[in-house]
Amino acid sequence: MLKTFPKGGIHPPENKITSSKGIKRMTVPKMVTVPIAQHIGIPAEIVVDKKDKVEIGQVIAKSGGFVSSNIHSPVAGTVTKIDQIIDLSGYKKQCIVIRTDAKNEANFEEKEYSLITEIQLDPKEIVQRISDYGVVGLGGATFPSHVKLNVKEGVKLDYLIINGVECEPYLTADHRLMLEKTAEIIVGIKILMKALHIEKAVIGIENNKKDAIKQFKELTKNESGIQVAALQVKYPQGGEKQLVRAILGREVPKNGLPLDVGVIVNNVGTIFAVYEAVQHNKPLMERVVTVTGKKMENPSNFWVKIGTPIKDLIAEVGGLPDGTRKLVNGGPMMGKAIKNTDVPVTKGTSGILVISEEEASRGKAENCIRCGECVTVCPMGLEPHLLMNLSEKGMYEKASSEDIMTCIECGSCSYVCPSHRPLLDYIRYGKNIVKKLETSKN
Amino acid sequence: MSQPIIISASPHVHSAKTSKKVMYDVVIALIPAFLVSLYVFGISALILTAVAVASCLLFEYLIQKYLLKSEITIGDGSALITGILLAFNLPAGLPIWMILVGSLVAIGIGKMSFGGLGFNIFNPALVGRVFLLVSFPVQMTMWPTAVENNTSIADAVTGATPLGLIKEGLMFGDTMTNISANLPSTMEMFLGISGGSIGEMSALALLLGGIYLLARKVITWHIPVTIIVTMAVMTGIFWVIDPESYASPLIHILSGGAILGAFYMATDMVTSPMTRKGMLIFAVGIAVITVVIRLFGAYPEGVSFAILIINAFVPLINTYFKPRRFGSKIKSKIV
Amino acid sequence: MTDSVLYSVLLLASLGIIAAVVLYVVSKKFYVYENPLIADVDEILPGANCAGCGSPGCKSFAERLVGSEDISDLFCPVGGNDVMKEVAAILGKEVVERDPTVAVLRCQGGCDVRPKTTEYQGPRTCAISAMIYSGETDCQYGCLGDGDCVKVCQFDAMYMDEATGLPVIITDKCTSCGACVEECPRDIIEMRPKNKRDLKIFVGCLNEDKGGIAKKACDVACIGCSKCEDICPKDAITMENQLAYIDAGLCTLCRKCVEVCPTHSIIETNFPPKKPKKVVEKKTVVKKVVKKVEVEKVEAEKVAVVKKEAVVKVELEKSKKDA
């Protein structure tokens, strides 16, 4: 039996159409729109002006506080505009628009770096480098990595877990990265192990990526500290708490972090970004994005510059298929529907999913038939039907005592509900209100 | 793009399972039992089922349209199931007006008065059945037995259910050995040639449907298996102590509404608990009450009463048997 | 026979007496003194428990009124000045008279003038759709049209207009309790003074985008052209974030700004009609005006640039002088 987490979880159709498609480098876009809020926390502060010339990799927005991150120009060019533009949140946010310099275009051809395995920096320098080069969690939450690595003294860590689960249907960005950059990721793991003074690391990969498991096993044969854990395919195994439970059998306490059980979790994409930042002085300014959809002509995986408008990506795979009704940033379970194709790719964009008419429409919400499916699948042991009712009726204190705040918003409950009830919609709303109430109390 | 892009909150994909499909799966699962009842009771079983289903749908329509003035949802299959289950719990040959009364009570009082699908506390079909049972005890316990030419109910001979025979016999101080002589054989009970409500004839047919429901993941094993095992254990204990005064577990499980109740009535999603833990407690409760009624109560059969009684406790079970919250107790320690 | 009757009568009577004694003792023991004034004040208050005063209900507001020395900052918007005067008379305290206010909707973006560019699927409440994104139209400031304000109104003073998809406030029923103002995630409902005959002039738009973008999203958006600011004789109009705001305290209801507004985003209510206008004609007028506006806007921007330069010059000179 392969390892997995014990409570709840679902198995939606995988639809990993692009898992055999190698990562292609996307042509450099003519314009990039770089939002200054690409990470969780305080937005970065803009340090360039309109009409400024910027170099590739130049800092264009500086970290705005402790939980914040630097943002680098993904291209060489001229700042044409600093304006409010609709980003992934669906609202207009401050963005820096840069026009790519046509003359410099030749310089953009990415050099193929040779693998550097020796780690020269000491732990403090590593964290500083990661902070300077704007590395954030690429799994989707985009939490600034240097903050995560800045572990308080006295906290004992014994395991580094690398999240290569990619449990979201459709997405294959991490899968491809693991296949194509295996050696680099292993160096990245060692860098983090050095930075955190951790002896043991486990790479968690779901069993639907057998080739990646095999490759990692082969390359880590002689590494005593690094193990590979093949996991049963189950959503949401990529959730930190579920992953720690699956691999180590440790349960992160309610409202706690993996740190509380001596574990730190990082996504493979983040590890690769760490490798590039530390070994090659390369800031985080591009990432792997899966562009996919059932009716898409030529779905594939791409190296994409941060700030590339989604329409450029879609053009690259042959345009929007007929009858497209929904565009999703990320996977179908936790991704966000986007308002138009001008929205730029950010550090957190793991995929662009194009959904057609038949799949896009939500069923009409009917009465709850109390089947208990939502309770069965909830990986956090919550009662979604109850939380939805409490939040709908405004009983936020009761919702809070029913642990609404521990919901990880994986969407399993909404996925299985046979009555198409908007469970997560209301739970998310309730969480928002409870959070507000709690902060106003303190 | 001709139509605007849709925006909605995640998740953007949904499972193919819908309430309607769940309901129609239950209907499909009931087909074998219905065929057996057709074979045994002939046209009267058809009339009974047709009247019950049609009247349930009609009453739901009328109540939604004229009383509640709400959206009409008779197409969702729930009233259809109520109708079928009600019919399955009635004896063949019941006067049509009584069936209508039963449907009205089942839909009107059992379901719509609570607010419709999903809000009812008690299983509607059982509410209707029990109402009829306590109001018209004579007609409700006139069990026509199988006849050769399955055409007219007039030819039917009124018999008693195996459980009724046992109860009566034991009351008059007879021993099980003597009573067993009059009972149909175990095989007959299993295949469905014994007196009783039209739906509880054949254990085999009901089990077939039950397996279908389990395979389609409409129900889980927790409720039916626990009910049957608990009943077997309880009646088994009494039988071992005194086989002359108590019927064997096999008779108890194969006769009466035990299997129909365990697979189709107790598993009704609306009126059963949400969690696995709750389901087990719910099922044990049903089994215990059923056995107590059968062995020590005035009625020969107690599944309907047992389910209705435990239905009332479901909200309580849901409140006290919650799933374990992730991270609420730390099992593992940092090495 | 007589015995049983006697017994039962005695039993019931004694039960009654025991219960009466228990009740008496309990009521004495657990008596809580309450200022009788609170009940008197509570009697006068409207009893709507709408929380428009800031207290959760009328009773607790009465307690606050009786309890606090100075009640000049307390006000019951539903009861208005009359009720407050009565309260003041009972308590012998001073109340400050306030102008009656009424809720107004600062958005005119109905379905016909503000095209929907996306379709929202999910629970139809403004609170949830506002959480997910900026709404079905390209205007992220205007009405979401899911009617949370209507649901929260206890006085039936609001309804959704199905033709426009916007809520409508029935001024006569509005008690200005402020529940809708609180509920609206977009803050498009404002309490404005209810003048005599309920004459009001206000900007029916909250779009802070630049003129062109605002106009593209909504035909009746405020494009921030400053024409109203320039024409206002009383300086009642201020521009901020490409958006005009009319200070009700300074406005004299001269209606000059209404005429000058190129996008008709300034709303006048209950004024006698100047010229009879037909609805059908209105639409074509709007379209014609649009073209004009664009020309005028360019000019206005030019003027603005010139102005800015002048200001800069003045400042430069100032700084030179200072040096």
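Sequence lines set the chain letters: A, B, ... in the order given, protein chains first and strands last, and positions in each chain run from 1.
Taking a 6.0 Å sphere around CZ of B:Phe313, one finds it holds 12 or fewer heavy atoms contributed by other residues, nucleotides or ligands. Counting heavy atoms of neighbouring residues, nucleotides and ligands inside a 6.0 Å radius, atom CZ of B:Phe114 exceeds 12 of them. For A:Arg362, the CZ atom sits in a packed shell: over 12 heavy atoms of surrounding residues, nucleotides or ligands are nearer than 6.0 Å. No more than 12 heavy atoms of other residues, nucleotides or ligands sit less than 6.0 Å from atom NZ of B:Lys20.
Both the backbone and the side chain of A:Ile369 come within contact range of chain B, each with at least one heavy atom under 4.5 Å from a heavy atom of that chain. Looking at A:Leu424, the atoms closer than 4.5 Å to chain B (heavy atoms on both sides) all sit in the side chain, from C-beta outward. Residue contact with chain B, scored on non-hydrogen atoms closer than 4.5 Å, involves the backbone of A:Cys417 exclusively. Proximity to chain A (any heavy atom under 4.5 Å) is shown, for B:Asn318, by both the backbone and the side chain. For A:Thr376, the part sitting under 4.5 Å from any heavy atom of chain B is the side chain, from C-beta outward, and nothing else. Using a 4.5 Å cut-off between heavy atoms, A:Leu386 contacts chain B through its side chain alone, with no backbone atom that close. With a 4.5 Å cut-off on non-hydrogen atoms, A:Pro13 does not touch chain B at all. Heavy atoms closer than 4.5 Å to chain B are found in both the backbone and the side chain of A:Glu383.
Of the inter-residue distances, the one linking A:Asn340 atom CG with B:Ile7 atom CD1 reads 8.5 Å to the nearest 0.5 angstrom. Going from atom CE of B:Met274 over to atom SG of A:Cys368 covers 5.0 Å, rounded to the nearest 0.5 Å. The CG atom of A:Asn367 sits 9.0 Å away from atom OG of B:Ser19, with the distance rounded to the nearest 0.5 Å. Atom CD of A:Glu366 is separated from atom OG1 of B:Thr18 by 7.0 Å, given to the nearest 0.5 angstrom.
Minimum heavy-atom separation, B:Pro323 to A:Gly381: CG-O, 3.5 Å. Between B:Pro11 and A:Tyr415, the shortest heavy-atom contact is CG-N, 4.0 Å.
Heavy-atom pairs under 4.5 Å with chain B were tallied for A:Pro422, A:Gly372, A:Ala337; the largest tally goes to A:Ala337. Comparing B:Gly116, B:Ser15, B:Gly118 by how many heavy-atom pairs each has under 4.5 Å with chain A, the most go to B:Ser15. Here A:Lys254 is the residue among A:Glu373, A:Lys254, A:Glu409 with the most heavy-atom pairs under 4.5 Å with chain B. Between chain B and the options A:Ile10, A:Asp425, A:Asp322, A:Asp403, the largest number of non-hydrogen pairs under 4.5 Å is found for A:Asp403.
Inter-residue side-chain proximity for B:Lys17 and A:Val416 is flagged as unmet; no heavy-atom pair is nearer than 4.5 Å. The shortest distance between side-chain heavy atoms of B:Lys322 and A:Glu402 falls below 4.5 Å. Two residues are said to be in side-chain contact when any heavy atoms from C-beta on lie closer than 4.5 Å; B:Ile5 and A:Lys339 fail this criterion.
For B:His12 (side chain) and A:Gly335 (main-chain N/O), a donor-acceptor pair under 3.5 Å exists by modelled atom type. Within the 3.5 Å criterion, the main-chain N or O of A:Lys336 finds no donor-acceptor partner in the side chain of B:Ser10.
Taking the charged nitrogens against the carboxylate oxygens, A:Glu251 and B:Arg325 have no contact shorter than 4.0 Å, which rules out a salt bridge.
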